[in-house]
Amino acid sequence: MNGVNGRLPVLLRWLELAEPDIVCLQELKSPQEKFPESAIRDLGYDVIWHGQSRWNGVALLSRVGEIHETRRGLPGDPEDLQSRYIEGAVNGVLIAGLYLPNGNPRPGPRFDFKLRWFERLQTHLASLIRLEAPVIVAGDFNVMPTDRDVYAPERWRDDALFAPEVKAAYQRLLDQGWTDAIRRLHPDDVIYTFWKYWRGAFERNAGLRIDHLLLNPPAAARLVAAGVDTRPRAWEKTSDHAPVWIEIGEPKVRRRKPPVQELG
DNA sequence: ATGCCGCTCCAAGAGCGA
């Protein structure tokens with residue numbers, strides 16, 4: 001997002017263009033009282049947000065039903081006051097929006113904080129994955145999971161977004177049973193969600209895949225399509241990230257008994 | 001092989017992002 005107020009024209013233009021049902025925003029860089037609530041509601045969205053002066057900040061938007069907030073802030077550390085996690089239920093689907101710490105420089109206290117945050121996330125998501133309802137965890141994870149997710153992997157080996165400990169932490173999440181929606185449907189494609197502003201990174205497609213959508217098994221069973229909407233990345237005064245999207249289908253109807261002739 | 005850009009605070013330059 002890189003500032004919800006600075007990017008508000010881009011956000012509103014994209015909402016009108018793409019007409020997403022549910023949106024998770026990260027890096028609002030806005031205090032709670034300066035969030036542009038009315039501009040978003042005017043486009044027909046319900047919205048909840050967790051702001052913070054200058055840094056961080058996350059929000060959930062929905063135009064398909066009221067958001068019932070279930071949590072703000074990741075549990076497990078009362079000292080952590082950063083606005084990096086918000087969670088709510090919409091139409092029987094649980095949505096978690098997160099903004100994982102960047103962690104640079106590595107090593108250092110900021111990197112340690114990132115690893116601790118990952119551990120707290122693992123603890124919390126371990127309880128969510130077991131829900132019978134679909135659960136979607138969306139956000140800026142600040143990790144490229146594999147070499148395929150980085151335009152120049154060798155340059156990033158020691159970076160806090162690509163360090164072995166961070167990739168391992170992300171893998172431990174997947175090992176809980178979460179599905180990385182983009183990779184489930186596009187296992188081998190070069191797909192990025194972030195491009196630096198300079199050196200023509202977007203034009204050269206020199207990017208990173210750091211924004212992810214994780215699905216619990218009931219959500220994964222309904223996954224229809226997934227991709228990155230690169231259109232707004234080319235706009236003026238835009239974010240350095242592009243929206244990652246998925247399409248979720250209707251709940252699977254319980255199959256009736258097959259016709260007799262199909263039974264051996 | 002690097003925040004080179006761009007946001008926030010608040011009115012200059014520091015801190016942050018990745």
| Which is it for A:D240 and A:R233 under the salt bridge (charged side-chain N to carboxylate O under 4.0 Å, His left out) test, yes or no, and what are the steps along the way? | CA-CA 7 Å; A:D240 36 11; A:R233 184 60 183 78; over 6 Å; no
| request: Have a look at A:Y99 and say if it touches a base, only the backbone sugar-phosphate, or nothing, with a 4.0 Å heavy-atom cut-off. | output: sugar-phosphate
| request: In whole angstrom, give me the gap between the C1' atoms of B:dG3 and B:dG15. | output: 12 Å
Check nucleotides 9-12 of chain B against the protein and report each pair of N or O atoms closer than 3.5 Å, with its distance, or say if there are none.
from: B:dC9; atom 1: O4'; to: A:R54; atom 2: NE; distance (Å): 3.4
from: B:dC9; atom 1: O2; to: A:R54; atom 2: NH2; distance (Å): 3.1

| query | Looking only at atom C1', what distance separates B:dC7 and B:dA12, rounded to whole Å? | reply | 15 Å
| task | Quote, to the nearest angstrom, the P distance that separates B:dA1 from B:dA11. | result | 39 Å
| request: Taking A:E87 for its side chain and A:L98 for its backbone only, find out whether a donor-acceptor pair lies under 3.5 Å. | output: no
| message | Minimum heavy-atom separation for A:Q52 and A:L81, please, with both atom names. | response | OE1-O, 4.1 Å
Contacts table for residues 20-28 of chain A: side-chain donor-acceptor under 3.5 angstrom, sequence neighbours left out:
from: A:D21; atom 1: OD1; to: A:R63; atom 2: NE; distance (Å): 3.0
from: A:D21; atom 1: OD1; to: A:R63; atom 2: NH2; distance (Å): 3.1
from: A:Q26; atom 1: NE2; to: A:C24; atom 2: O; distance (Å): 3.4

| message | Checking the side chain of A:D229 only, and the main-chain atoms of A:P243 only, is there a donor and an acceptor separated by less than 3.5 Å? | response | no
| task | Can you sort out the partners of A:W178 under ring-ring contact (aromatic ring centres under 6.0 Å, His included), two or more places apart, ordered by chain and number? | result | none
| said: Rounded to whole Å, please give me the gap between CZ in A:R204 and C1' in B:dC4. | reply: 12 Å
| Donor-acceptor pair, A:T238 side chain versus A:P232 backbone, under 3.5 Å? | yes
| task | Can you tell me the distance, in whole Å, between the CD atom of A:E27 and the P atom of B:dG15? | result | 18 Å
Can you give each donor-acceptor pair under 3.5 Å made by side-chain atoms of residues 210-227 of chain A, sequence neighbours left out, with the distance rounded to 0.1 Å?
from: A:D211; atom 1: OD1; to: A:H241; atom 2: ND1; distance (Å): 3.3
from: A:D211; atom 1: OD2; to: A:T193; atom 2: OG1; distance (Å): 2.6
from: A:D211; atom 1: OD2; to: A:H241; atom 2: ND1; distance (Å): 2.9
from: A:H212; atom 1: ND1; to: A:R209; atom 2: NH1; distance (Å): 3.3
from: A:H212; atom 1: NE2; to: A:V143; atom 2: O; distance (Å): 2.9
from: A:N216; atom 1: OD1; to: A:V135; atom 2: N; distance (Å): 2.8
from: A:N216; atom 1: OD1; to: A:A219; atom 2: N; distance (Å): 3.1
from: A:N216; atom 1: ND2; to: A:L131; atom 2: O; distance (Å): 3.4
from: A:N216; atom 1: ND2; to: A:A133; atom 2: O; distance (Å): 2.9
from: A:R222; atom 1: NE; to: A:G249; atom 2: O; distance (Å): 2.8
from: A:R222; atom 1: NH2; to: A:G249; atom 2: O; distance (Å): 3.1

| request: Please state the P separation for the pair B:dG6 and B:dC10 - nearest whole angstrom. | output: 23 Å
| task | Would you classify A:N56 as touching base, sugar-phosphate or nothing, given that sugar-phosphate means primed atoms plus P, OP1 and OP2, and contacts are heavy atoms under 4.0 Å? | result | nothing
| field | Exceeds 12 heavy-atom contacts within 6.0 angstrom, atom CD of A:E33 | value | yes
| remark: Rounding to 0.5 Å, atoms CZ (A:F118) and CG (A:L173) come to a distance of 5.5 Å
| query | Once you round it to whole Å, what is the distance between P of B:dC7 and CG of A:L25? | reply | 17 Å
Output a table of nitrogen or oxygen pairs between the protein and nucleotides 1-3 of chain B separated by less than 3.5 Å.
from: B:dT2; atom 1: O4; to: A:R199; atom 2: NH2; distance (Å): 2.2

| remark: Numerically ordered, the residues 1-13 of chain A set in heavy-atom contact under 4.0 Å with DNA chain B is A:N2, A:G6, A:R7
| note | Exactly one of A:R106, A:R172, A:R116, A:K114 clears salt bridge (charged side-chain N to carboxylate O under 4.0 Å, His left out) with A:E165, and that residue is A:R106
| remark: From CD of A:Q52 across to C1' of B:dG15 the rounded distance in Å is 13 Å
| d(CZ, A:R233; C1', B:dG6) in whole Å | 11 Å
| A:S62 side-chain N/O to A:V64 backbone N/O, donor-acceptor pair under 3.5 Å | yes
| field | Rounded distance in Å - CD (A:Q26) to C1' (B:dC7) | value | 16 Å
